[in-house]
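So the structure is just underneath, and the comments pick up after that.
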Amino acid sequence: MLKAFSGGTLSRDFTASIVVFLVAMPLCMGIAIASGVPPEKGLVTGIIGGIVVGLLAGSPLQVSGPAAGLAVIVFEIVQQQGLSALGPILILAGAIQVIAGLLRVGGWFRAISPAVVHGMLAGIGVLIVVGQFHVLFDDKPLSSGLANLLAMPGQIFGLTNQDAAMAFAVGLVTISGMIGWEKIRPASMKLLPGALVGVVLATLVAFFLGLPVARVAVPESIMSAVTLPEGNLFAQMMTPSVITTAVAIAFIASAETLLSAAAVDRMHDGVRTNYNRELSAQGVGNLLCGFAGALPMTGVIVRSSANVQAGGKTRLSTILHGIWILGFVALLPWLLREIPMAALAGILVVTGVRLVSLDHAKHLLHRYGPLPAVVWAATLVTVVTTDLLTGVLVGIGLSLLEMLPHVRRLGLKIDETSWDNKHEVALDGTASFFSLPGLSARLEALPAGRVIILNVERLGHIDHTCAEMLREWIDRRRNAGMEVELFGAAGRLRQLAA
């Protein structure tokens, strides 16, 4: 932590914290509204994620806060069990994450197929778009993704309410401002986030024209947003529905956090993520969010990438962004109350569309054949038509099909030998998601000053999850100026040698 207070590092972290704060503010409120809870609940999560998790995190440059990936499941909780159920669920989910980190199972979350994770995120993106589409008209989302989808034509063709038309126009101003700014902004202002530009533009239009549109309701004091659990907390936590939902949130939040951390590691050459410490830190954050009655949190890639791109060097940038949110909410709540609800919905519509990454499906199809692409599509469709957990389980089940022809030889043997300035790693057997945590740990521990020869001549099969991990490891090592050679590469591994 002392490194954070050195001259050049301090100034970079300070600047980055301002950028992350500007990105986080509208997203914290927008995700809360998409989750069916008051916007201040998202701000409380952003504050805890910045200050507390920032101090404890195993991924120093990752930013934690409310995530679009959990908005759908929180919306279902609030609709079916009520807002009061959220606290016990998060306390239990946070405890599960803390224990998982202490038991050192963080690396296993990296073994989840990228096709499942990105299919899940794409499904969430679809649900956010069809839900927030109705908020663009100052209307409320319906109880399911399919119901929201089927009601979309009626919103457009039944647009006879003048106030709803004005709200829709405000939302379009936000979307246009956000996308337009990202396309035309000068290089000198590349750190000014498009989401902030879109919200400010829509707020000014609504304010100066005096438009009768719904606006964000924020309390005078942020402390009034904190809702302590009820007296029968333990009894609530032992309810089967609470336990099931807590396990689902812990699993999904952990997977999203650790995959985001892996993505952040690829963006910089600094300290690598300690996955188990990061998992426990997220658990502490969710425990506190549960006691405060706030939203669940994960590590979030949009804010984390903004942190890295803005020059953040240590965990101080993350901590400061949480302090800025706290100060803004405490001192300027009246300003937040001028923001139109449709403006935040506009941001989330754009965010949802970007979660549906067809490029990732094409990448899977091109590199690894049809099965991973089918897993991606099946996970997406199941998430939209049923629920998040079912979609993930379907995706994982389909991923297992890749291993059926090799079920008799699932073991992976790893041998290492060194000579001169070279270090050879020989793989023998089947490299699958079962062996990914151990293989990843061995690769990360390899010496930095030697040429690495990865001998895959005796590797019988490698699934797409392990192949993606190997590709990212090779790219990261080569980008750092270190040499990696592949020996005996064939099939999909031949592409990794390029």
Side-chain angles (χ1 to χ4, degrees), residues 18-43 46 65-66 68 71 125 128-141 148 152 155-156 159 161-186 189-219 302-303 306 324-325 328-329 331-355:
I18 299 294
V19 174
V20 178
F21 158 70
L22 295 175
V23 173
M25 279 293 291
L27 286 174
C28 285
M29 293 188 292
I31 290 167
I33 291 167
S35 303
V37 304
E40 61 268 21
K41 300 288 187 182
L43 294 169
I128 287 172
V129 170
V130 299
Q132 292 305 297
F133 181 82
H134 298 287
V135 183
L136 285 174
F137 296 85
D138 274 354
D139 201 355
K140 290 184 178 181
N148 282 318
M152 286 174 70
Q155 281 283 19
I156 298 173
L159 195 58
N161 185 316
Q162 187 176 4
D163 291 350
M166 289 182 182
F168 185 57
V170 167
L172 291 180
V173 167
T174 305
I175 295 170
S176 302
M178 182 177 177
I179 296 174
W181 174 253
E182 291 171 354
K183 289 184 178 298
I184 67 169
R185 61 185 166 192
M189 301 186 75
K190 68 178 182 179
L191 295 179
L192 185 61
L196 181 69
V197 172
V199 166
V200 169
L201 188 60
T203 302
L204 291 175
V205 168
F207 178 78
F208 286 110
L209 295 181
L211 300 181
V213 295
R215 287 172 167 80
V216 173
V218 179
V302 174
R303 278 156 269 183
W324 305 147
I325 295 175
F328 192 93
V329 174
L331 299 175
L332 299 170
W334 56 269
L335 188 56
L336 297 177
R337 285 194 285 271
E338 291 297 332
I339 299 174
M341 294 279 282
L344 297 179
I347 290 175
L348 286 170
V349 166
V350 176
T351 302
V353 169
R354 289 174 176 171
L355 283 174

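Everything numeric here is computed off the predicted structure, so don't read it as measured data.
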- Query: Which value, rounded to the nearest 0.5 Å, describes the distance between Ile175 atom CD1 and Ile347 atom CD1?
  - Reply: 9.5 Å

- Flag side-chain contact, heavy atom, 4.5 Å: Lys140 against His134: no

- Note on the structure: Residues Asn148 and Gly131: closest non-hydrogen pair is ND2-CA, 3.8 Å

- Minimum-distance pair of heavy atoms, taken over all atoms of Val170 and Ala343: CG1-N, 4.4 Å

- Query: Is Val23 close to Phe21 at the side-chain level, that is, under 4.5 Å between some pair of heavy atoms?
  - Reply: no

- Mind jotting down which residue pairs meet the side-chain hydrogen bond (donor to acceptor under 3.5 Å, both in side chains) criterion with at least one end in residues 19-43? Sequence neighbours excluded, please. Lys41-Thr227

- What pair of heavy atoms forms the shortest contact from Gly346 to Leu136, and how long is it? N-CD2, 3.7 Å

- When rounded to the nearest 0.5 angstrom, what distance separates OG1 in Thr203 from CG in Leu335? 8.0 Å

- pair Arg337-Val218: side-chain heavy atoms closer than 4.5 Å: yes

- Once you round to the nearest 0.5 Å, how far does CZ of Arg303 lie from CG of Leu22? 13.0 Å

- Task: Over all heavy atoms of both residues, which pair between Pro340 and Ala202 is shortest? Give the atoms and the distance, please.
- Result: CG-O, 4.1 Å

- Rounded distance [0.5 Å steps], CD in Glu338 versus CG in Leu204: 10.0 Å

- Message: In the structure I gave you, are the side-chain heavy atoms of Met29 and Ile339 within less than 4.5 Å of one another anywhere?
- Response: yes

- Query: If you take all heavy atoms of Gly42 and Pro66, which pair is closest and at what distance?
  - Reply: O-CG, 3.6 Å

- Item | Main-chain N/O of Ala214 paired with Asp138 side-chain donor or acceptor, under 3.5 Å | yes

- For Thr174 and Leu201, run side-chain contact (heavy atoms from CB on, under 4.5 Å): C-alpha distance rounded to whole Å, both residues' side-chain angles, the deciding distance at 0.1 Å, then the answer. CA-CA 7 Å; Thr174 305; Leu201 188 60; over 6 Å; no

- What class does the angle between the rings of Phe168 and Phe137 fall in, given that below 30° is parallel, 30 to 60° is tilted and above 60° is perpendicular? parallel

- Check whether any side-chain heavy atom of Phe328 sits under 4.5 Å from a side-chain heavy atom of Leu43, and report yes or no. no

- Query: How far does CH2 of Trp181 sit from NZ of Lys190, to the nearest 0.5 angstrom?
  - Reply: 13.0 Å

- Are any non-hydrogen side-chain atoms of Met25 and Leu336 less than 4.5 angstrom apart? yes

- Query: How many angstroms lie between CE in Met341 and CD1 in Ile33, if you round to the nearest 0.5 Å?
  - Reply: 4.0 Å

- Is there a donor-acceptor contact under 3.5 Å from the side chain of Arg185 to the main chain of Leu192? yes

- Task: Taking the side chain as every heavy atom from C-beta outward, state whether Thr351 and Leu27 have any atom pair closer than 4.5 Å.
- Result: yes

- Item | Where Val349 and Val129 come nearest, the two heavy atoms and their spacing | O-CG2, 3.6 Å

